[in-house]
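Structure record follows, encoded as structure tokens.
Below, chain A is the first sequence line, B the second, and so on; all start at residue 1.
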Amino acid sequence: MYGMVNEGIRTFILTNHGAEAWRRICARAGVQEAEFEKMTSYEDELTYKLVDAVGEFTGLDAQDVLKVFGKYWVDFAGGSGFRHLMRLSGPTFIEQVRGLDDLHDRIILSMPHLKPPSFELEDLGGETFLLHYYSDRDGLAPMVEGLLHGIAKDTGEEIDVEQVAFRSEGADHDVFRIRLLA
Amino acid sequence: MLFPLHVRLDGLGRIETAGPTLRRIFGEEIIGQAFLDVFTMVRPRRIQGLQSIWERLGEKLVVSAAPSGEEPIQFRAVAVPVDRAHEGLLIDLSFGIHLARCVHRFALTEADFKPNDFSIDLFYSFQTQQTLLKDSQKLAQALKQSKLQAERKSLEDSLTGIGNRASLHRRLEEMLAHPDPGARFALMHIDLDDFKSVNDNFGHAAGDRVLMQAARALQASCGIKDMPARIGGDEFALLLADAPEEGELEKLARDLVAALSMPVHHNDQSCRVGASIGLVVFQPGQVPNADRLIANSDIALYEAKGQKSAVKVLSEEMIERHEKSTRLVSEIRRAVKKSQFVPFFQPQIDTLSGSIRGLEVVARWELPGQDVLTPAYFLEVATRSNIMVDIDRQVRRKAFSQLAAWQRQGRKIGKLSLNVTASNLRSVDFVSVLLVELAAEGLRPSDIQLELLESILFEQFDHELIEQCRTLEQAGFTLALDDFGTGHSSIATLIDMPISVLKIDRSFVSGLDSNAKMQRITGAMLAMAKNMGLDVLAEGVETLKELEFLEKAGCRSFQGFYFSPPVNAEEIERWLDVWQANLCQLSG
């Protein structure tokens with residue numbers, strides 16, 4: 001996982017819970033790194049440990065932590081200059097979700113070791129879509145749900161999201177049904 | 001060439017023609033092959049067959065292919081119909097995320113790109129960017145290493161190489177936050193006994209050696225998860241990550257005391273310290289933080305130090321005692337602010353002449369509406385908390401003021417006797433402070449007798465103290481040796497010191513009339529003092545028989561309850577009046 005994700009978790013904790021909380025979370029996760037380089041690749045395991053420790057600290061289960069963090073991620077990544085990349089896809093929620101793979105392709109040009117997920121939007125009509133989410137990593141689907149809400153918040157739209165297929169339950173990949181509300 | 005990466009497909013999806021760059025990558029054999037045999041559709045994912053491409057004319061596609069069976073390359077693609085009959089397709093490709101890889105792998109040049117394709121320019125930009133990234137990562141790595149090294153040093157005691165207070169604190173916090181609530185840890189708080197005397201007598205190099213040996217002894221007692229730390233000058237800690245049962249733990253601590261008490265050799269000399277250990281056993285979340293834990297272990301250590309070379313496990317009683325003591329310290333501080341400490345006076349009498357030699361000043365705590373408290377209630381706590389200096393000053397100034405008032409009234413009360421501590425004597429400004437306070441009341445040093453405990457001379461006697469005593473004598477003060485006989489002063493000490501009065505301790509006076517052995521010792525002490533030209537005052541006289549024996553043995557100055565207990569200024573005035581009246585009657 002690129003350091004940017006871990007740095008996002010760190011910034012999220014520092015912003016919402018303070019430095020002492022971050023120190024405790026690191027101690028709980030057995031993580032020595034006080035901060036992360038955004039463009040350096042870290043073991044995925046480290047991120048999972050951090051998420052677990054954040055869960056223990058906040059009393060939330062790992063899925064809820066990922067949902068909250070996914071929503072926060074859009075703001076965090078936007079603040080890091082990625083907002084311009086997202087805007088290249090277009091100003092609406094659907095355009096930005098459709099453009100996620102392009103965004104990752106563009107980032108890969110500078111970060112060739114990145115193993116990004118892939119998103120594909122299927123239009124069911126009536127403002128309803130299926131989002132197909134493909135990833136080499138397990139257990140991050142809840143973060144996608146938060147991420148979608150984060151993008152909608154950023155574009156000023158309201159959405160309803162429901163996961164309808166679960167890779168963890170044997171499906172080929174995770175699928176979310178998205179309804180545009182406004 | 002406008003489309004160096006294009007393929008043209010016939011109605012069956014076979015490649016009829018291909019652009020020169022594509023032929024360079026795949027070879028001429030690409031011609032005639034089915035497009036979907038050479039290329040795999042990457043995105044959109046869920047489409048199959050040529051028809052799907054026909055359904056996405058003009059849309060962005062991502063395809064990949066593995067030239068010569070090697071690593072696959074991704075291309076961006078867009079398909080447009082070749083003719084109006086929609087029988088053939090033109091698919092124009094461009095390098096996608098593998099641009100840099102392709103340029104290197106196939107040694108592509110600008111001529112292999114469309115004249116208006118900007119991606120070759122981006123290639124240079126990416127190359128530069130990646131070099132900069134590598135440089136910055138290298139720099140970041142070096143900075144991180146330096147930071148880690150600095151952090152390690154900040155958590156290490158520079159002399160002994162073991163952990164310091166900060167690292168102990170951090171580790172304790174980790175243990176308190178340990179996820180297993182059943183985990184059991186122990187903290188040993190260790191203080192070396194008599195370490196100061198090693199520094200004083202053998203020098204600081206020897207002191208450092210003792211500290212290093214102590215650190216080694218701690219390391220030798222450590223398991224791999226345990227942590228030794230030096231947390232102050234001669235203060236250490238040992239953190240046990242898996243605490244055994246209390247009995248075994250105490251044995252471990254006692255073994256450690258023995259190891260720390262081994263002699264240390266330095267420059268052909270041997271020096272030795274002892275150690276006291278306060279022990280706390282704790283579990284995650286049991287106390288709010290590391291500071292509280294260290295404070296608790298310090299409470300146990302304080303109890304251990306009271307016995308020296310002892311091991312004490314923290315108990316509820318200890319915490320209660322400590323809290324009581326802390327409350328008392330606050331009360332004493334408040335009392336000092338409210339000026340509740342006052343002088344009481346006990347007469348010292350020359351029975352031969354019947355005159356008053358002087359009054360000894362003792363401190364009392366007058367709580368409004370309550371009993372007057374003696375030093376037994378506050379002395380130890382006040383001394384330990386460094387408040388005794390303030391109490392002494394308050395009592396002394398009031399006593400000086402009272403003496404000045406008596407002198408103005410024409411009362412003959414002799415000298416005021418004040419007790420002096422070793423820390424008073426070591427204070428550089430003690431003499432000047434006394435002189436200023438006396439001058440403020442119009443008094444002189446000759447109005448004052450300073451009483452030094454014999455134990456000061458025995459335990460803390462040095463050249464500096466003798467010099468300070470000489471300065472006091474030269475300034476005009478009279479020096480008396482208090483509690484004489486209870487310490488172990490040598491005659492030589494008495495010769496060196498400018499002492500003019502010996503106060504025989506009450507333990508040689510009490511029961512004197514009925515103890516023949518005591519009578520012989522006291523008699524010998526009086527004879528020795530007489531031969532040395534010293535005045536002798538017997539304190540603690542409580543009965544007429546004691547008084548009569550001492551008078552027969554040649555003593556003429558006395559102090560004790562037989563005459564008067566210490567009383568306040570008003571009462572001592574009444575007592576003095578009565579004494580004077582009786583004296584007049586006897587002489588009249």
Side chain, backbone, both or neither: which part of Gln137(B) has an atom under 4.5 Å from a heavy atom of chain A?
-> both
Counting heavy-atom pairs under 4.5 Å with chain A, the top scorer among Arg76(B), His98(B), Arg101(B) is Arg76(B)
Once you round to the nearest 0.5 Å, how far does CG of Leu89(B) lie from CG of Leu50(B)?
-> 6.0 Å
Measure up the His132(A) and His173(A) rings against each other and bin them: parallel (under 30°), tilted (30 to 60°), perpendicular (over 60°).
-> tilted
Using a cut-off of under 4.5 Å on heavy-atom pairs, state which of Gln129(B), Arg170(B), Glu174(B), Arg43(B) scores highest against chain A.
-> Arg43(B)
Validation row, ring centre Phe95(B) to ring centre Phe113(B) under 6.0 Å | yes
Applying a strict 4.5 Å limit to non-hydrogen atoms, the region of Ala140(B) in contact with chain A is both
Residues Thr155(A), Glu157(A); criterion side chain to side chain donor-acceptor pair (under 3.5 Å); working and verdict = CA-CA 6 Å; Thr155(A) 59; Glu157(A) 291 165 84; 2.8 Å; yes
Chain A contact via Ile97(B) - which portion, at a heavy-atom distance below 4.5 Å | both
Residues Lys144(B) and Glu37(A) bridged, charged N to O under 4.0 Å = yes
